[in-house]
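Following: one structure in structure tokens, then a few remarks.
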Amino acid sequence: GAVVSQHPSWVICKSGTSVKIECRSLDFQATTMFWYRQFPKQSLMLMATSNEGSKATYEQGVEKDKFLINHASLTLSTLTVTSAHPEDSSFYICSARGLGGYALAGYLQTGEQYFGPGTRLTVT
Amino acid sequence: DAKTTQPPSMDCAEGRAANLPCNHSTISGNEYVYWYRQIHSQGPQYIIHGLKNNETNEMASLIITEDRKSSTLILPHATLRDTAVYYCIVRVPNNAGNMLTFGGGTRLMVKP
């Protein structure tokens, strides 16, 4: 099974509303989670890095007040897109990195990144 | 992380071997070569990684040149489901300050 899950897998929202995306690590503790964004036919671009219990570090050009990241536990991080606009429509992918050990998916290397399946956001 | 260069696209006939090249001429001695792929509308999937020796797993083989400045990912018998964007990344593994950075990748199209 998947090591990292995301919810929802797709969402459509109206302009001006906020959307929350959840990222969960299954059977392992994610000390660090990453949020990427991918526009059509482009590569993944890192938005921010979050460590459990501390504030996220945002990449240059990413508005921290618009993309709120919370990493309150070792298995859950959330990305909230506030006051979404059509230009925020994108594919959002989380990735988790944590301690090694055995999980359902097999042996996990310490420090390696595991990706979620992504969330397709469409803002109308 | 060292930068990598990959061809933007490649075609491969179904059942044939797909050989995807990657140049990483500025790779450091402690950096590994990683390969991921991304099937349309899915998250990236880990394929394989290596330091200097050739590696093989159930998905693919990785051939790294002796000077480590380039590598080739080999899918021995490509299927239609292998159509995806393949990313070559060099990085120091298990480095807490080192996240995966994606370049343009190679869009592999497997044709019947």
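Residue numbers begin at 1 in each chain, while the letters A, B, ... track the order of the sequences.
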Determine the minimum heavy-atom distance between A:Lys41 and B:Arg107, stating which atoms define it.
->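 Smallest interatomic distance, heavy atoms only, reads CA-NH2, 4.2 Å.
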
Heavy-atom closest contact (A:Ser43 atom, B:Tyr87 atom, distance) = OG-CE2, 3.4 Å

Toward chain B, the part of [X] with a non-hydrogen atom under 4.5 Å:
X	result
A:Gln38	side chain
A:Thr49	side chain
A:Ile93	side chain

Transitive ILVMFWY side-chain link [X] to [Y], under 4.5 Å:
X	Y	answer
A:Tyr58	B:Leu100	no
A:Trp35	A:Leu68	no
B:Leu80	B:Leu108	yes
B:Ile89	A:Phe34	yes
B:Met10	B:Tyr86	yes

Once you round to the nearest 0.5 Å, how far does CZ of A:Phe91 lie from NE2 of B:His40?
->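 So the CZ of A:Phe91 and the NE2 of B:His40 are separated by 8.5 Å.
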
Separation between CD of A:Glu59 and OG1 of B:Thr101, rounded to the nearest 0.5 Å = 8.0 Å

Could you tell me whether a side-chain N or O of B:Gln42 sits under 3.5 Å from a main-chain N or O of A:Gly118, the two making a donor and an acceptor?
->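 Not at all, since once roles are kept as given, no pair shorter than 3.5 Å links the two residues.
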
Run the ring-centre check on B:Tyr36 versus A:Phe115 and record whether the distance is less than 6.0 Å.
-> yes

Are B:Phe102 and A:Tyr36 close enough that their ring centers fall under 6.0 Å?
->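 Aromatic pair counts; centres sit under 6.0 Å.
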
Over 12 foreign heavy atoms within 6.0 Å of [atom1], [X]:
X	atom1	value
A:Met45	CE	no
A:His7	NE2	no
B:Tyr46	OH	yes

If you count heavy-atom pairs under 4.5 Å with chain A, which of B:Pro44, B:Gly103, B:Gly105 comes out on top?
->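 Counting heavy-atom pairs under 4.5 Å, the top option is B:Pro44.
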
Select one option (side chain, backbone, both, neither) describing which atoms of B:Gln45 are under 4.5 Å from chain A's heavy atoms.
->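 B:Gln45 has no heavy atom closer than 4.5 Å to chain A.
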
